[in-house]
> 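The structure's right below; bear with me while I get my questions together.
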Number of protein chains: 2
Amino acid sequence: MSRWQPGARERLERAALDLFLEQGFTETTVPQITARAGLTTRTFFRHFADKREVLFAGEEMVPELVARFMAEAPPSLGPMELITEGLAPAVAEIFEGRGLDYLLRRRAAIDAEPALHERELRKFALMSAALERGFRDRGADDLTARLAAEIAVTAVRIAVTRWLDQQGDPDLPATVNQTLAAMRRLTST
Amino acid sequence: MSRWQPGARERLERAALDLFLEQGFTETTVPQITARAGLTTRTFFRHFADKREVLFAGEEMVPELVARFMAEAPPSLGPMELITEGLAPAVAEIFEGRGLDYLLRRRAAIDAEPALHERELRKFALMSAALERGFRDRGADDLTARLAAEIAVTAVRIAVTRWLDQQGDPDLPATVNQTLAAMRRLTST
DNA sequence: TCAGTCATGGCACGTCGTGTCATGACTATC
DNA sequence: GATAGTCATGACACGACGTGCCATGACTGA
């Protein structure tokens, strides 16, 4: 490249999100995205495995973050204690990387397209699997590990929804804790 | 048709599942499926919206079943009571339609292919949305309805996994109740 | 200067999924 | 029975997706 430009990935992500919101996901073709980004179709698929992945870049690392977070937590904590005490800050680290504005636009695109919604569900499933492994490594039995992991991601998923609904206020850790509290209240009914 | 044959859908479903297990989902082409079923490619896409749907036929009705089930339940029951008392039998009605053998083979195919796993997650998301609507119609506030719905489907998802792991014994309602009990025990820790 | 590496372009190709029209079997009605 | 309507299927063309392969040009290090 003769002159420097913002990285190809960023340009593709921006162009894709804009087009998805303008025209819809299905109506947007990969050549349209790459034309707007000043690249070719072949290059798009070198950066993203498929058309949806352009909205999910960099999320491969979430399982690793989760694994590290759990390995570093005090071994004395039981699964539920770990969730109620450690989940909120860890989640903030994962989800607050990009600006709220980007996240809201991204969610609008995802909500409008079942295929993207499915991909979002897979993201949380991967997070759950990482949590489950973590709990098992900390000595939990299989069922407890699975339950704790699913409860944790459920709380996170609901909290993220509410947090975005409220335009980011209160902040994500607080919303996670509120959601967890409401969950405990409900299940003890 | 001059001679009667098992319905086209059934033949396609059987052929597809067999091929997915023999060769994998990606390696199986739609023409291969239709050739084995004695039909043409165009006919496949008249019966199923895409290649994955051949393993998810008839599940559009689940939201309706859920809606009916909730409308018929005594209005006095709170969300959590409704889950602990009504979920198990309702789930059995939904999931025990086909033989255990089919369900186990189907799960093997789904577990081997992320794209199919995503579709499975969407099925549960639709169930959750139907439950959420039902809880709201029964007077629950938004957060409670969402939480109760997600808790219910989480329990169902885990119960189905365990039930299949155990080759169907104990039966699904019992497994759902065990799972719910374990969940309450864990969250009250 | 030369070799190696890396991102990109360009092209061919197989598969997916849809629109459209034609055909043939069954059904109802007269 | 003859006729018209409905329904499932076949056949074909086509656009979009995603991949394999090779060429090119920029940067890097000896």
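Note that these values count all heavy atoms, side chains included, but never hydrogens, waters or copies made by symmetry. Letters A, B, ... are given to chains in the order of the sequence lines, protein chains preceding strands, and every chain is numbered from 1.
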> Who clusters with A/L121? Use side-chain heavy atoms, under 4.5 angstrom, across I, L, V, M, F, W and Y, and order the result by chain and number.
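Its cluster partners, ordered by chain and number, are B/L121.
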
> Taking the basic N atoms (NZ, or NE/NH1/NH2) and the acidic carboxylate oxygens, is any pair closer than 4.0 Å for B/R119 and B/E113?
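No.
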
> Going by an N to O cut-off under 4.0 Å, is there a salt bridge joining B/D18 and B/R105?
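Looking at B/R105 together with B/D18, the answer is yes, because their closest N to O distance falls below 4.0 Å.
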
> Relative to B/Y102, does B/R98 satisfy both conditions: NZ or CZ under 6.0 angstrom from the six-membered ring centre, and within 45 degrees of the ring's axis?
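Satisfied, under 6.0 Å and within 45°.
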
> Enumerate the protein-to-nucleotides 10-13 of chain C contacts in which both atoms are nitrogen or oxygen and the separation is below 3.5 Å.
none

> Among residues 15-29 of chain B, which ones have heavy-atom contacts with DNA chain C below 4.0 Å?
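Of all residues in residues 15-29 of chain B, the ones placing a heavy atom under 4.0 Å from DNA chain C are B/T28, B/T29.
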
> Between B/F48 (CZ) and D/dA8 (P), how many Å, whole number?
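Rounding to the nearest Å, CZ of B/F48 and P of D/dA8 are 13 Å apart.
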
> My understanding is that only residues two or more places apart in sequence, or in another chain, count here; which of them pass ring-ring contact (aromatic ring centres under 6.0 Å, His included) with A/F48?
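If we apply the ring-ring contact (aromatic ring centres under 6.0 Å, His included) test to A/F48, skipping adjacent residues, the hits are A/F44.
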
> Taking all non-hydrogen atoms of both residues into account, name the closest pair between A/P89 and A/E85 and its distance.
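Heavy-atom minimum between the residues: CD-O, 4.2 Å.
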
> How many whole angstroms separate atom CG of B/L39 from atom C1' of D/dA8?
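Going from B/L39 (CG) to D/dA8 (C1'), I get 10 Å.
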
> Near DNA chain C, counting only heavy atoms under 4.0 Å, which residues of residues 52-60 of chain B show up?
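None - not one residue of the stretch has a heavy atom sitting under 4.0 Å from the strand.
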
> For B/F44 and D/dA11, give me the distance from atom CZ to atom C1', rounded to whole Å.
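Answer to the nearest Å: 18 Å.
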
> Before accepting this row, confirm whether a basic side-chain N of the pair B/R52/A/E118 lies closer than 4.0 Å to the acidic partner's carboxylate O.
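A salt bridge is present here (some side-chain N lies under 4.0 Å from a carboxylate O).
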
> According to ring-ring contact (aromatic ring centres under 6.0 Å, His included), who are the partners of A/F124, at least two apart in sequence or on a separate chain?
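In terms of ring-ring contact (aromatic ring centres under 6.0 Å, His included), with neighbours along the sequence ignored, A/F124 is linked to no residue.
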
> Given D/dC17, C/dC16, D/dT9, identify the nucleotide with an atom nearest to the side chain of A/F45.
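Among D/dC17, C/dC16, D/dT9, the one nearest the side chain of A/F45 is D/dC17.
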
> Verify the contact: side-chain N or O of A/H47 to OP1 or OP2 of C/dA7, cut-off strictly under 4.0 Å; return yes or no.
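Looking at the OP1 and OP2 atoms of C/dA7, neither is under 4.0 Å from any side-chain N or O of A/H47.
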
> Would A/R106 and A/D101 pass as an ion pair if we require N to O under 4.0 Å?
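Salt bridge flag = no for A/D101 with A/R106.
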
> What is the distance from CG of A/D50 to P of C/dT15, rounded to the nearest Å?
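After rounding, the gap between these two atoms is 19 Å.
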
> Closer to the 5' end of DNA chain D via nearest nucleotide, is it A/K51 or B/T41?
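The residue closer to the strand's 5' end, by nearest nucleotide, is B/T41.
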
> Look at B/R68 together with B/E64 and state whether they make a salt bridge at an N to O cut-off of under 4.0 Å.
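Salt bridge between B/R68 and B/E64, a charged N being under 4.0 Å from a carboxylate O: no.
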
> Taking it one step at a time, do A/L65 and A/M127 satisfy side chain to side chain contact (heavy atoms under 4.5 Å, CB included)?
CA-CA 9 Å; A/L65 280 176; A/M127 193 185 307; over 6 Å; no

